[in-house]
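Quantities reported herein were computed from a predicted structural model and do not represent experimental measurements. Proteins come first, then strands; the chains are lettered A, B, ... in the order of their sequence lines, and each starts at number 1.
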Number of protein chains: 2
Amino acid sequence: MPPAPGDRDARREDVSQAVWRILAGKGFGGLTLRAVAAEMGVSTGMLMHYFPTKRDLVGHALHLLEEHTAARPRRHRPAEGLAALRAVLLDILPLTPDGTARNRIWVSSWDLALADDGLHADQAGRYARMRSAIRPHLEAARRQGELPASADLDRLAADAIAVTHGLVVQALFDPGRFPPDVQTATLDAFLASIATTGDLRD
Amino acid sequence: MPPAPGDRDARREDVSQAVWRILAGKGFGGLTLRAVAAEMGVSTGMLMHYFPTKRDLVGHALHLLEEHTAARPRRHRPAEGLAALRAVLLDILPLTPDGTARNRIWVSSWDLALADDGLHADQAGRYARMRSAIRPHLEAARRQGELPASADLDRLAADAIAVTHGLVVQALFDPGRFPPDVQTATLDAFLASIATTGDLRD
DNA sequence: TTACATACCGAACGCTCGTTACGTACGTGA
DNA sequence: TCACGTACGTAACGAGCGTTCGGTATGTAA
């Protein structure tokens, strides 16, 4: 019965890429149906055919964001413990044009997410997932003696995410002062500080 | 010659407060002239009388943001060194409703700032000023032996701002998981880690 | 009094937004 | 062949935006 099965998914993928480019350039504030349509050289009606409302489009864009974040080319995960944590955090930083675009979109989404209850909860969940994702590495680090036995891993997880995202924001606004090697060094300074610390007090 | 000197500045201040309330509630995405006018119970024409364009209004709002940040009630600055740094960073965190509103607006402004070249530069400058504002405390800390003599203070400044703002974002999205005492403890964990570290390697 | 600038209101303009309605081309199933 | 559902394009709608404009009231300066 479907006449042209014409890859529906492929079309949605095309739209996704156009949305991605708009977001990377203009942020969520510049994401309009007409901008996306113009970027693709198609009509707005075509967009609505695949995404009935703009909310669907935004929702898909945020889904894309998480997908890109999960599917980005990962550097070799060298070992367990702090080295592995370092690799995870380095993967987050805007060290490449692609990483910059990804983080640009992340930060841009926060205005929307803070204003919209549903997106707000999504974002809180994403952070919780990030923290629990790095916990195993912290546990391994503590097991290997890279962290003191008394270390509060939940606190350290929040600290590590905080350093990383705080660095992301500063780097986005001042890429000249935070080239990749400076970002790496700054992150390493943090890791070194928690690693060589004998006592992370309550 | 001016007929009603009618406090022009007082009026601008009224407008500023209305803008502040809108921003705290809806973010920059919800900042419209009509919203501000409705909040004040006046006409949009009145707004244009004091701020010729919306850009002027936004610029003033960002100026307000910096002013509020500078003029907020500061906790007692106890001493020099890391204790003073701690006080500065605690003043930034969203530990009170007012501080939450201030940070809410900060984060919300990033989408706009990343899209607009002028605002982009302003924001980069603001970060640079923040880093140089905490440098004296780091220098004092090093002088007092709270930091190793080899410590890279520029790096530490970026790290401290990163931890703080990264914590701000997480706290804004999940205030339940980051009540004031948890934020304080997380920040203290960071400070303790840099303080007791014997070697902050390059 | 006249002249004039300020302080505002209310309505409107032109534009862009998300969304909808309508039309057409096309490939399939009967 | 004919009916039908999909895949679009084109055009328009209504709402909301920033901005402009004309009008009125008011208070000072001359």
Side-chain angles (χ1 to χ4, degrees), chain A residues 1-19 21-23 25-62 64 108-109 111-113 115-116 118-119, chain B residues 1-19 21-23 25-62 108-109 111-113 115-119:
Chain A
M1 210 172 313
D7 339 60
R8 185 170 178 86
D9 288 343
R11 276 316 207 171
R12 280 179 63 105
E13 174 61 25
D14 290 345
V15 175
S16 299
Q17 291 186 8
V19 168
R21 285 193 297 272
I22 296 290
L23 286 178
K26 309 275 180 186
F28 275 87
L31 179 65
T32 68
L33 298 181
R34 282 170 176 81
V36 176
E39 172 80 21
M40 301 180 65
V42 299
S43 67
T44 65
M46 183 268 202
L47 287 183
M48 308 312 287
H49 190 65
Y50 292 98
F51 298 93
T53 73
K54 185 183 180 181
R55 199 180 173 76
D56 292 327
L57 197 72
V58 171
H60 185 68
L62 288 170
L64 260 188
S108 168
S109 76
D111 185 23
L112 227 72
D116 181 301
L119 298 179
Chain B
M1 209 174 311
D7 340 59
R8 185 171 177 84
D9 288 343
R11 277 318 208 169
R12 279 178 64 103
E13 175 60 25
D14 290 345
V15 176
S16 299
Q17 291 186 8
V19 169
R21 285 193 296 273
I22 296 289
L23 286 178
K26 310 274 182 183
F28 274 87
L31 179 66
T32 69
L33 298 181
R34 283 170 175 80
V36 176
E39 173 79 21
M40 301 181 65
V42 299
S43 68
T44 65
M46 185 267 201
L47 288 183
M48 308 311 289
H49 190 64
Y50 291 97
F51 298 93
T53 72
K54 185 184 180 180
R55 196 179 174 78
D56 292 327
L57 196 73
V58 171
H60 185 68
L62 287 172
S108 168
S109 75
D111 186 23
L112 226 72
D116 182 300
D117 279 349
L119 298 179

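- C:dT6 atom C1' lies 15 Å from atom CG of B:D9, rounded to whole Å.
- Going from atom NZ of B:K26 over to atom P of D:dG16 covers 13 Å, rounded to whole Å.
- Nearest-nucleotide assignment on DNA chain C puts the 5′-proximal partner with B:G41, out of B:R34 and B:G41.
- Residue A:M46 is in sugar-phosphate contact alone, with no base atom involved, counting any heavy-atom pair closer than 4.0 Å across all strands shown.
- Rounded to a whole Å, the CE atom of A:M48 is 17 Å from the P atom of C:dC22.
- Side-chain N/O atoms of A:H49 include none lying less than 4.0 angstrom from OP1 or OP2 on D:dC8.
- Counting heavy atoms from C-beta on, the side chains of A:L47 and A:M40 come closer than 4.5 Å.
- Protein atom NZ of B:K54 is 15 Å distant from nucleotide atom P of D:dT20, rounded to whole Å.
- As rounded to whole Å, 14 Å separates atom C1' of C:dC9 from atom CE of B:M40.
- Side-chain contact between B:R55 and B:D116: present, with at least one pair of heavy atoms (C-beta onward) separated by less than 4.5 Å.
- Here A:E13 contributes atom CD and A:Q17 contributes atom CD; the two are 5.0 Å apart, rounded to the nearest 0.5 Å.
- Ranking D:dG18, C:dG18, D:dG9 by closeness to the A:L33 side chain, first place goes to C:dG18.
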From CA spacing to verdict: side chain to side chain contact (heavy atoms under 4.5 Å, CB included), A:T53, A:D56:
CA-CA 5 Å; A:T53 73; A:D56 292 327; 3.2 Å; yes
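- Between A:L47 atom CG and D:dA7 atom C1' there is a gap of 13 Å when expressed in whole angstrom units.
- Side-chain atoms of A:F28 and A:D111, non-hydrogen and from C-beta on, never get closer than 4.5 Å to each other.
- Residue A:R11 places at least one side-chain N or O closer than 4.0 Å to OP1 or OP2 of D:dC8.
- Closest to the B:T44 side chain, of the nucleotides D:dA11, D:dG9, C:dA11, is C:dA11.
- At a threshold of 4.0 angstrom between heavy atoms, the contacts of B:T53 are confined to the sugar-phosphate backbone, with no base atom among them.
- As judged by a 4.0 angstrom heavy-atom cut-off over every strand, A:L31 is placed among residues touching the sugar-phosphate backbone only.
- The nearest whole Å value for the distance from the CG atom in A:D14 to the C1' atom in D:dC8 is 14 Å.
- Closest to the side chain of A:T32, from the set C:dT6, D:dA11, C:dC17, is C:dC17.
- Rounded to an integer number of Å, the gap from A:Y50 OH to C:dG18 P is 20 Å.
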